[in-house]
Amino acid sequence: MLIRIGNIADHVGESVKLGVWLYNKRSSGKIQFLQLRDGTGFIQGVLVKSQVAPEVWERAKELTQESSLYVQGTVRRDERAPSGYELDVEDIEIIQIADEYPIALKKHGVDFLMDHRHLWIRSPRQRSILKIRAEIIRAIQEWLDGQGFTLVDPPVLTPSACEGTTTLFSTDYFDEEAYLTQSGQLYMEAAAMALGRVYSFGPTFRAEKSKTRRHLTEFWMVEPEMAFTEHDESLRIQEQLVSHVVQHVLESCQEELKAIDRDITPLERVKPPFPRITYDEAVELLNREGMPFEWGEDFGAPHETKIAESFEKPVFITHYPAKVKAFYMKPDPSRPEVVLCADLIAPEGYGEIIGGSQRIDDPKLLEQRFAEHQLPRDAYEWYLDLRRYGTVPHSGFGLGLERTVAWICGLDHVRETIPFPRMMNRLYP
RNA sequence: UCCUCCGUAGCUCAAUGGUAGAGCGCCCGGCUGUUAACCGGUAGGUUGCAGGUUCGAGUCCUGCCGGAGGAGCCA
């Protein structure tokens, strides 16, 4: 039976068999060091010429980078090894001698690495990031499930835009045009009226010609939607969710965070409550900090970074002007020119990771908004129905997974947070 | 869509308008504790494409193609 490197500590002193790839090899005339990986970890295999069969020694010499093999050896504790363990190799069964591997253990350019993304993800750094991504997903679902949320899957193919502003990917749907979803939110509002507290987790598509470190054309969002929930309670849920995710990663991904060299001190501070400032206060802050900004505009990336610099934790910016936000957001009853919404801005310049709001529950007002935004009413009759048949106060938000992963991992681009990123100039591999 | 920058060996990069080079990788040889090992050697080129200026262009000019960073928009 094969043992996995991740469990190697349980087999000290035993002779075990591993299925591995050769990550790297160093050799002298009479000793060879094989850097082996199996997806769960790395371990160094040691062969001393005088202590192994001649044919095993020769097989080890043949191995090239990323060759696949079964290796039999005895596990030994060794203080010199980065992982604390080494394998004294006794036998080698070659599965394949790999062709010359394109990715050297040296610096490469972004374009070259992206062209070889299918191989790049084997590297320790990329492997660690994908592992952290998986733990972030686990933490999100674990927390929401524990709070009584039900997972509901909205459609990916949709008949028309949810918000109508951004560019959509279109596709043939028999005799009509369909679009890939840019948000499941409206469907999740329907689901919340059926199940109370719900969330979706899935891919989202935006055909925007954005070329920045924060943009992908295909990315994953978590979109909770909550019936009988007002804006303030939604913010409390958001800060608890984000804090749980960060603390879970700190506990369960210590090795990976170390492997990618993430400074975890800013992450350790991420606990509720998060600071809240209004849009008005944010505008004041920007002007005070020497970044002139006019009330009524929407913030750009440099503004978000400047605001975030004033806080040690993620910060909520609330009560934006209605005209810069989506049509479905509920106006503040005491001040109808602003809406009950909040963007959560991550620290360290990572920008917006959550956008959320309380939704309009009054059917008359929602119809008025449809008219103001010149939205096709017939396509949204079903959405208006939600307000006609037992409307309730409800709120929801969308959390961008890749931006959250980039922030927690401390990456300078979201393209490393997803196995196969889709961007304006990238559809391969 | 706009702004800025970059395209030279498999990879990362040098080369004042004057003989296209280095390091790494591959291959060969050496080395009994290597950590991106090290040491010696071999091979490796239509300088992104098309024009132009010049005695002479990797280098200067124009256009195109590809890429990167940013803006707008958003998560």
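Letters A, B, ... mirror the listed sequences (proteins, then strands); counts begin at 1. Given the structure is predicted, the values throughout are model-derived calculations rather than measurements.
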Peer 1: Return the 5'-most residue of the pair A:N425, A:Y101 with respect to RNA chain B, ranking by each residue's nearest nucleotide.
Peer 2: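 That would be A:Y101.
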Peer 1: Is the base of B:rC11 touched by the side chain of A:H108 through a donor-acceptor pair closer than 3.5 angstrom?
Peer 2: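 Counting by modelled atom types and ignoring angles, no donor-acceptor contact under 3.5 Å is found here.
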Peer 1: Of all the choices, B:rA75, B:rC13, B:rA68, which nucleotide is nearest to the side chain of A:M221 once you look at every atom?
Peer 2: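 Of the candidates, B:rA75 comes closest.
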Peer 1: For B:rC2, give the paired nucleotide (Watson-Crick: N1-N3 plus N6-O4 or O6-N4; G-U: N1-O2 and O6-N3; both under 3.5 Å), or none.
Peer 2: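 B:rC2 is paired, partner B:rG70.
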Peer 1: Atom CD of A:Q182 and atom C1' of B:rC74: how far apart are they, to the nearest Å?
Peer 2: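 Those two atoms, CD and C1', are 10 Å apart.
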Peer 1: Using purine N1 to pyrimidine N3 plus N6-O4 or O6-N4 for Watson-Crick, or N1-O2 and O6-N3 for G-U wobble, each under 3.5 Å, what pairs with B:rC60?
Peer 2: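 Base-paired to B:rG52.
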Peer 1: Is any side-chain N or O of A:Q44 under 3.5 Å from a base N or O of B:rU34, one able to act as donor and the other as acceptor?
Peer 2: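 Result: at least one qualifying N/O pair found.
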Peer 1: Counting only Watson-Crick or G-U wobble pairs whose two distances fall under 3.5 Å, which nucleotide matches B:rC38?
Peer 2: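 Check on B:rC38: paired to B:rG30, both distances under 3.5 Å.
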Peer 1: Which of the following nucleotides, B:rC74, B:rA36, B:rG33, is nearest to the side chain of A:N24?
Peer 2: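 Shortest atom-to-atom distance from the side chain points to B:rA36.
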Peer 1: Test for a donor-acceptor pair under 3.5 Å between the base of B:rC74 and the side chain of A:R403, counting only N and O atoms.
Peer 2: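 Between B:rC74 and A:R403, which were checked side chain against base, a qualifying N/O pair under 3.5 Å is present.
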Peer 1: Want to settle it: does A:E86 or A:T212 sit nearer the 5' end of RNA chain B, counting the closest nucleotide to each?
Peer 2: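 Closest to the 5' end, via its nearest nucleotide, is A:E86.
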Peer 1: Quick one: is the NZ or CZ of A:K313 closer than 6.0 Å to the six-membered ring centre of A:F274, and within 45° of its axis?
Peer 2: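 Output no; distance or angle outside limits.
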Peer 1: Is the A:Y187-A:W382 ring centre distance short of 6.0 angstrom?
Peer 2: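 Judged by ring-centre distance (under 6.0 Å), A:Y187 and A:W382 do meet the cut-off.
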Peer 1: Would A:R197 and A:E225 pass as an ion pair if we require N to O under 4.0 Å?
Peer 2: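 Salt bridge: no.
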Peer 1: What is the base-pairing partner of B:rA22, counting Watson-Crick and G-U wobble geometry with both distances under 3.5 Å?
Peer 2: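 Its partner is B:rU12 (Watson-Crick or G-U wobble, both distances under 3.5 Å).
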Peer 1: For B:rA43, give its Watson-Crick or G-U wobble partner with both distances under 3.5 Å, or none.
Peer 2: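 In the structure as shown, B:rA43 has no Watson-Crick or wobble partner.
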Peer 1: Looking at B:rA71, does its base get a donor-acceptor pair with the side chain of A:K211 below 3.5 Å?
Peer 2: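 Looking at the base of B:rA71, it does not pair with any donor or acceptor on the side chain of A:K211 (distance under 3.5 Å).
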Peer 1: Between B:rA75 and A:F219, is there a base-stacking contact, meaning the centre of the base's six-membered ring lies under 5.5 Å from the residue's ring centre while the planes stay under 30° apart?
Peer 2: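 Yes, A:F219 stacks on the base of B:rA75.
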Peer 1: Centres of the A:F293 and A:F299 rings: under 6.0 Å?
Peer 2: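 For A:F293 and A:F299, the ring centres are under 6.0 Å apart.
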